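A short worksheet on the structure shown next.
Keep in mind that what you see is a predicted model, and the values were worked out from it rather than measured. Quick note: residue numbers are just sequence positions, from 1.
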Amino acid sequence: MESLLESLGPSLSVSSRTFIVQMLLLLGIVGIVTWLFIKRGAKQLAVRRLLIIAFAVFAVAAVLFPGLLTHIAHLVGVGRGADLLLYATVLVLLGFLALQEARTKAQEKRTTYLARRLSIDEAEPAVEYRRRSLDEHHG
């Protein structure tokens, strides 16, 4: 079991370049997750936060234990861990795009409603418009 964990995890003999790349990737993951939590604020649903945490754990595991990703890829019938990561990234990206599209449409509906409401609220009353028009026409 110990040899399996050693083969799946980061090797102690990794080059300094590999270590630097791993640290940069981990910092990027932590930065993105932190930004997502701060940017969304208290209105963020618990499910979204759990998904963000799950993504972060998956990303950290993929960086620290690349062999594990390859092992999981083989379990699900994908040739390489990098391919599995690519497929997962495409799915997450498509989900994000769908979510953004839904948010954009909802925002457009709210903006349209508010613009109409504001136009109605600020419109000149019909009686005043009629009186002004008749005064201008006869005057």
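- For the side-chain hydrogen bond (donor to acceptor under 3.5 Å, both in side chains) test, no residue two or more places apart in sequence or in another chain qualifies with Glu101.
- The CG atom of Leu69 sits 10.0 Å away from atom CG of Asp83, with the distance rounded to the nearest 0.5 Å.
- Rounding to the nearest 0.5 angstrom, the gap separating the CG atom in Leu134 from the OH atom in Tyr129 is 10.0 Å.
- To the nearest 0.5 Å, the span separating CD on Glu108 from NZ on Lys105 amounts to 8.5 Å.
- In this structure, Ala73 and Arg80 approach most closely via the heavy-atom pair CB-O, 3.5 Å.
- Of the inter-residue distances, the one linking Leu68 atom CG with Phe58 atom CZ reads 9.0 Å to the nearest 0.5 angstrom.
- For the atom pair Leu84 CG and His71 NE2, the distance stands at 12.0 Å (nearest 0.5 Å).
- To the nearest 0.5 Å, the span separating CG on Asp121 from CG on Leu114 amounts to 10.5 Å.
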